[in-house]
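For reference, the structure is listed below as structure tokens.
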Amino acid sequence: MDEALARAQALVDRYAKELEAELPDKAEIFDAHVHLGHDIDGMVGTYDELLGIQDRYGISRCFMFCLDEPDRHPAFRAANDRTLAYAERSGGRLIPFVRLDLSEDPIDEATRCLDLGARGIKLHPRAQRFLLNDERLAPVFAIAAERKVPILIHGGRGLPPIASELAALVERYPDAQLIIAHGGIADLPALAERFAGKAGVFFDTSVWSPIDLLTVFRVFSPEQVIYASDYPYGQQPSSLLIALRTAKASGLDDDDLRGMLSGHASRIADGEAPVEPTAPRGGDTFSQPMALARIHQYLSMATPLLWTRQPDTVGVIGLALNACYDRDGHAEERDRIKELLSAAQEVWRLLPEIEDEPDQRVVSRTTFRLIHLADILAVTPNV
């Protein structure tokens, strides 16, 4: 296991170094979505690891909040106190958001934490089991508007349609800036219909699928898209690479990239008015060499298996590797993908033999990291 993991880490380190060439000159990076703490699903985000990632990848600041913690009752109070303590310890590198549960005194907790230095609000309708038509959301948006702080809300998997209810809240409380996490993939077409070109409504890049991000850049202004990793769920360097490569494939220039990477989030953090949105840059169609399309298909099939820590009983890595031998004129991309997938296959084969839960997590996340890098290359080959 140690040898396979070492090979995988060496590959990841190489892509981390290559990331420097993808960044605009002297680009600052602001991560608009990170967690610290222990989630009830077993995921852990630690202060030292996060600061180490910031140092390695040149990330200057983050919007930071707790996970769905085992001690979240009552009102996320203990977890929010830890968030505030982490922020103070970081010397300004971590900007604290207060996480709220609508069923447990949300306005009292928001007021308490904002008075203590929190500079934003985090809501998670799937984890805290509320709908966007919940009447208890109105006072949350009201206090965000009054205090001039942003609300970051989960907009990824596991949600019913959310666009119309969010639009009503934004119309009612226009001074409350809104960050919709995970590109708003839960209800993307309807969110685009209501919020495309809307100043003060942002979408973060913390998604797995490059196709989803290409769609985000197609429907939203570059001034509405902000970089985010969703640490500890999102991993580097793939988190930055997927944002940069899909943005470039969508036609964003270096000034647009600087805005996505830090400029727009910095304005939110510093209490400045948002930049007026321009037209979206992305195209209406997506073209891909057939071999790379097959690879993307198989890697998409691999993802849920890894998320649930299952072995590759379907043989999707083998199918993707076979597609790498297609002679379609994209030899360099296919060779890079093949190297990543060979290492991923080697690591993934270890999973059925491992009984220790932490080791299972390391193996599945390492495999996913390699597969994610391979899929980013497959979807954005000409960047």
Apply the side chain to side chain contact (heavy atoms under 4.5 Å, CB included) test between Val98 and each candidate in Asn80, Thr111, Leu116, Val149; give the one that qualifies.
-> Asn80
With Leu377, the side chain to side chain contact (heavy atoms under 4.5 Å, CB included) member among Leu292, Val383, Leu241, Ile337 = Ile337
Please determine if [X] and [Y] form a salt bridge, counting it only when a charged side-chain N lies under 4.0 Å from a carboxylate O.
| X | Y | value |
| --- | --- | --- |
| Arg7 | Glu3 | no |
| Asp115 | Arg147 | yes |
| Arg126 | Asp68 | no |
| Arg136 | Asp101 | no |
| Asp55 | Arg93 | yes |
| Asp71 | Arg82 | yes |

Applying side-chain contact (heavy atoms from CB on, under 4.5 Å), run through Val347 and Leu5 and close with a yes or a no.
-> CA-CA 7 Å; Val347 178; Leu5 290 174; 4.0 Å; yes
For the residue pair [X] and [Y], confirm or rule out a side-chain donor-acceptor distance under 3.5 Å.
| X | Y | value |
| --- | --- | --- |
| Tyr231 | Glu49 | yes |
| Tyr233 | Asp41 | yes |
| Thr278 | Glu223 | yes |
| Arg72 | Gln128 | no |
| Asp48 | Thr46 | no |

Determine the minimum heavy-atom distance between Cys324 and Arg334, stating which atoms define it.
-> O-NH1, 2.7 Å
Closest approach of Thr83 and Pro96, non-hydrogen atoms and distance?
-> CG2-CB, 3.7 Å
Enumerate the residue pairs fulfilling salt bridge (charged side-chain N to carboxylate O under 4.0 Å, His left out) with a member in residues 264-273, sequence neighbours excluded, ordered by first and then second residue.
-> Arg61-Asp270, Arg267-Glu272
Could you please spell out the steps behind the side-chain contact (heavy atoms from CB on, under 4.5 Å) verdict for Ile59 and Gln236?
-> CA-CA 11 Å; Ile59 300 170; Gln236 297 292 5; 4.1 Å; yes
Using a cut-off of 6.0 Å, state whether more than 12 heavy atoms not belonging to [X] lie near its atom [atom1].
| X | atom1 | value |
| --- | --- | --- |
| Lys248 | NZ | yes |
| Arg56 | CZ | yes |
| Glu88 | CD | no |
| Glu171 | CD | no |

CD1 (Ile295) and NZ (Lys338) are apart, to the nearest 0.5 Å, by 10.0 Å
Mind checking whether Leu261 and Pro24 have side chains closer than 4.5 Å, heavy atoms only?
-> yes
Going by the angle between their ring planes, with limits at 30° and 60°, are Phe368 and Trp208 parallel, tilted or perpendicular?
-> tilted
Sort out for me which residue in Phe63, Phe65, Tyr86, Phe97 forms a ring-ring contact (aromatic ring centres under 6.0 Å, His included) with His35.
-> Phe65
